[in-house]
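Below is one structure, written out as structure tokens, with a few remarks after it.
In this text the structure is predicted, and so the values were computed from the model without any measurement. FYI, side chains are in, hydrogens and waters are out, and symmetry mates aren't considered; it's all heavy atoms of this structure.
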Number of protein chains: 2
Amino acid sequence: MRKVGIKDVAHAAGVSPTTVSHALSGSGKVSPDTRKKVHETARALGYTPNRLAAGLRSRRTNVIGLVSDEIATTPFATNVLLGVQHAAEKAGVIVMTVNSERNAETEKRQITALHQHQVDGIIYARMYNQRVELPELLDSTPTVVLDGKPTNRAVPFVIPNEEQLAYDAVSHLIEHGHTKITFVQNADKIPASRGRLIGFERALQEHGIARSDNDLILASSSAEAGRTAVRPLLEREDRPTALFCFNDRIAMGAYQAAHLAGLAIPEDLSVISVDNFEIIADSLYPALTSMELPHFQMGVWAVERLLALIENSEEDEEEPCEYLIGCPMVVRDSVAPLVK
Amino acid sequence: MRKVGIKDVAHAAGVSPTTVSHALSGSGKVSPDTRKKVHETARALGYTPNRLAAGLRSRRTNVIGLVSDEIATTPFATNVLLGVQHAAEKAGVIVMTVNSERNAETEKRQITALHQHQVDGIIYARMYNQRVELPELLDSTPTVVLDGKPTNRAVPFVIPNEEQLAYDAVSHLIEHGHTKITFVQNADKIPASRGRLIGFERALQEHGIARSDNDLILASSSAEAGRTAVRPLLEREDRPTALFCFNDRIAMGAYQAAHLAGLAIPEDLSVISVDNFEIIADSLYPALTSMELPHFQMGVWAVERLLALIENSEEDEEEPCEYLIGCPMVVRDSVAPLVK
DNA sequence: GTGAAAGCGCTAACAG
DNA sequence: CTGTTAGCGCTTTCAC
């Protein structure tokens, strides 16, 4: 008598377990009266269905797995967790979070564990836009990729629209009168740097601005690297009046370089960046205008897409879909009109 | 024949399902020979035990729940997730992550969902040290509290040693010759501010430094608040030579104030802080010396403690334990000896 | 040391 | 619309 089960409810309500199951799950047909009665007695008895048993029988656990590389390691993409959980809760599913700590062996074990727990599907998430090779283990599981483009299997995926984001950022600077703009680019060969470069160049071109050689410098993703890279730039006679930074950490370094050069932001130098990592963007002085990487939205999209995939996993294979998610600008105080 | 089950393994190995179960789980008695054979055929067939079924029968799912307020919302405590997952993986359990979005109703639903999935226990985590009232729903579940002190139930909990951390930080400044130290304190009445104040005062006292009235100012937790609070302080004749900041964001504001006042860190002003939030501490120039809040370790401790609790949940109730976790100093470049 | 039988709590399939 | 029967895949109990 310890825990109340479906039989107890059935007994108390004077119906069969089947009817209770139908009434509570909404499947099958039950008269409004009995449905109501069942619900009442269930609540009265404090009935909590055992999802293990349900899942075992129905082959649907309403659990999804989230496997990430180091999404938890780095605070940047924290919002994908939030987005995933938000959407999951709304859909009535729960998420098992697992992270590989960048180790293929660990990842295999983790995915296997997820399988053993019979998850309905898996979100394979990266912490920044990259090409991903989906592990074989996932081959027979509904899967979506978040912030990455799968190379070896056609599954739905979402990545930020890198080109648009760069185009918008640079256009914003141009609209403020700037024509000498330097792109403080990431040094790695990743989709983000490729896409943003294209957007950068397109913005210049469409606004009729010459793309001279000195419009681009490289830095790795840290304030220190940004500072070091930007510093010499600002000491030149012909220095740029605006910077488009690859991310907020680099922008922070640019602030420091400006400080060292005795330049005021935004009066002497406008800065726009990418990430909208609030802790940095809000904390800098003046606050940093930045293009948001919409992690929360990506998380939401991923679970919605995954659930759709699970729904018709037996039915027609609909074409895998690619989602280039738009990146809005969050305007703060680091961009000012050019004064001659 | 779709999926291979325990019966298939039993058949192939020429033994009974019972024996397979025993051999794989290590329980019961099985001869080394058969054990080996079972393992081999299991691997050969690619057997993946169904944990749902196992859990249903054995009442042990090897799943634990992590319920947090907004731990995922804020990047600061991201490492507890990492620590929890790390320890969980090592122990062969998996974690269901859920977050309440600060809403009691949502939290109830989430905890109920966790129960339905028959989690073995729950880690109730907060994003900063605070008193917590455990929801009734958790009453009959093994529970530990992370970064909070339960008020209504005696369960194990872990919180940072606020007093020690402050004492160590301030002592560090004193050892560098500073005697005019201002504590840029948090404005909220939370355990952290209380504990750190005690540590601050004890450090002054033990080193024979007078606690004059102007050693403490208040700011809320943002760079802007830090800047605004610190700025007037630095313009006084009798300004402090060192700052102990409540956290890294406030310290960032202090950097900005120093900059505005034309003061160099650490030559003119030493700064030490709390959080060791690496994105900020490493990015500031010069890099910020900070007391680490050991979130990863707290995560590890929480799962280990929880698993112990689950193990002897039927046995003797051992006294609930409180863990004041030590906070190490991470030395960077923001503290220098006082030059007269 | 090994196996047969029972059953965890639920839902699917079908009958009425 | 409701109930009966069977069984999801495993572990437990208990006999051998």
Side-chain angles (χ1 to χ4, degrees), chain A residues 1-39 41-42 45-63 92 112-113 115-120 314, chain B residues 1-39 41-42 45-63 92 112-113 115-120 314:
Chain A
M1 264 307 165
R2 188 102 200 83
K3 197 140 194 192
V4 14
I6 199 169
K7 276 191 278 194
D8 303 310
V9 179
H11 210 86
V15 296
S16 78
T18 311
T19 304
V20 174
S21 175
H22 284 167
L24 294 179
S25 73
S27 71
K29 280 132 213 286
V30 189
S31 79
D33 283 3
T34 45
R35 151 167 285 121
K36 191 173 161 215
K37 176 150 192 191
V38 168
H39 271 99
T41 51
L45 297 184
Y47 171 59
T48 303
N50 183 329
R51 300 266 210 155
L52 246 47
L56 179 59
R57 185 67 247 244
S58 67
R59 315 189 140 285
R60 256 291 222 132
T61 53
N62 288 304
V63 178
T112 303
H115 278 147
Q116 294 184 351
H117 287 282
Q118 315 297 124
V119 295
D120 293 332
E314 291 103 53
Chain B
M1 266 306 164
R2 190 100 201 83
K3 198 142 195 190
V4 14
I6 199 170
K7 276 192 277 193
D8 303 310
V9 179
H11 210 87
V15 296
S16 77
T18 310
T19 304
V20 175
S21 175
H22 284 165
L24 293 180
S25 73
S27 70
K29 283 141 212 279
V30 189
S31 79
D33 282 5
T34 45
R35 150 168 285 121
K36 191 174 163 216
K37 177 148 192 192
V38 168
H39 271 100
T41 51
L45 296 185
Y47 171 59
T48 303
N50 183 331
R51 301 265 210 155
L52 246 47
L56 180 59
R57 186 66 244 247
S58 68
R59 311 187 145 288
R60 256 288 224 135
T61 52
N62 288 302
V63 178
T112 303
H115 277 147
Q116 295 184 351
H117 287 283
Q118 315 297 125
V119 295
D120 293 332
E314 290 104 51

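Contact check, A:Ser58 against C:dT11: no side-chain N or O comes under 4.0 Å of OP1 or OP2. A sub-4.0 Å separation between OP1 or OP2 of C:dG9 and a side-chain N or O of B:Arg59 is present. Side-chain N/O atoms of A:Thr34 include one lying less than 4.0 angstrom from OP1 or OP2 on D:dT2.
When distances run from any side-chain atom of B:Arg57 to the nucleotides D:dC1, C:dC8, D:dG3, the shortest one goes to C:dC8. Which of D:dT11, D:dC10, D:dT4 sits closest to the side chain of B:Pro17 comes down to D:dT11. If you check C:dT11, D:dC10, D:dT2 against the side chain of A:Thr19, the one that comes closest is D:dT2. Here C:dG9 is the nucleotide among D:dG9, C:dG9, C:dG3 with the atom lying nearest to any side-chain atom of A:Asn50.
Nucleotide C:dG9 holds its P atom 7 Å from the CG atom of B:Leu56, rounded to whole Å. If you take CD of B:Gln116 and C1' of C:dC10, they are 13 Å apart, rounded to a whole angstrom.
B:Thr19 and B:Ser16 form a side-chain donor-acceptor contact under 3.5 Å, judged by distance and modelled atom types alone.
Using a 4.5 Å cut-off on side-chain heavy atoms (C-beta onward), A:Val63 and B:His117 make contact. The closest side-chain heavy-atom distance from B:His39 to B:Leu24 is below 4.5 Å.
Over its full length, the helix from C:dG1-D:dC16 to C:dG16-D:dC1 turns its helical axis through 30°, comparing axes from the five pairs at each end and rounding to 10°.
The salt bridge (Lys or Arg N to Asp or Glu O under 4.0 Å) search around B:Arg59 returns none, not counting sequence neighbours.
Side-chain N/O atoms of B:Thr18 and base N/O atoms of C:dA4 include a donor-acceptor pair closer than 3.5 Å.
At distances below 3.5 Å, not a single donor-acceptor pair connects side-chain atoms of B:His11 with backbone N or O atoms of B:Lys7.
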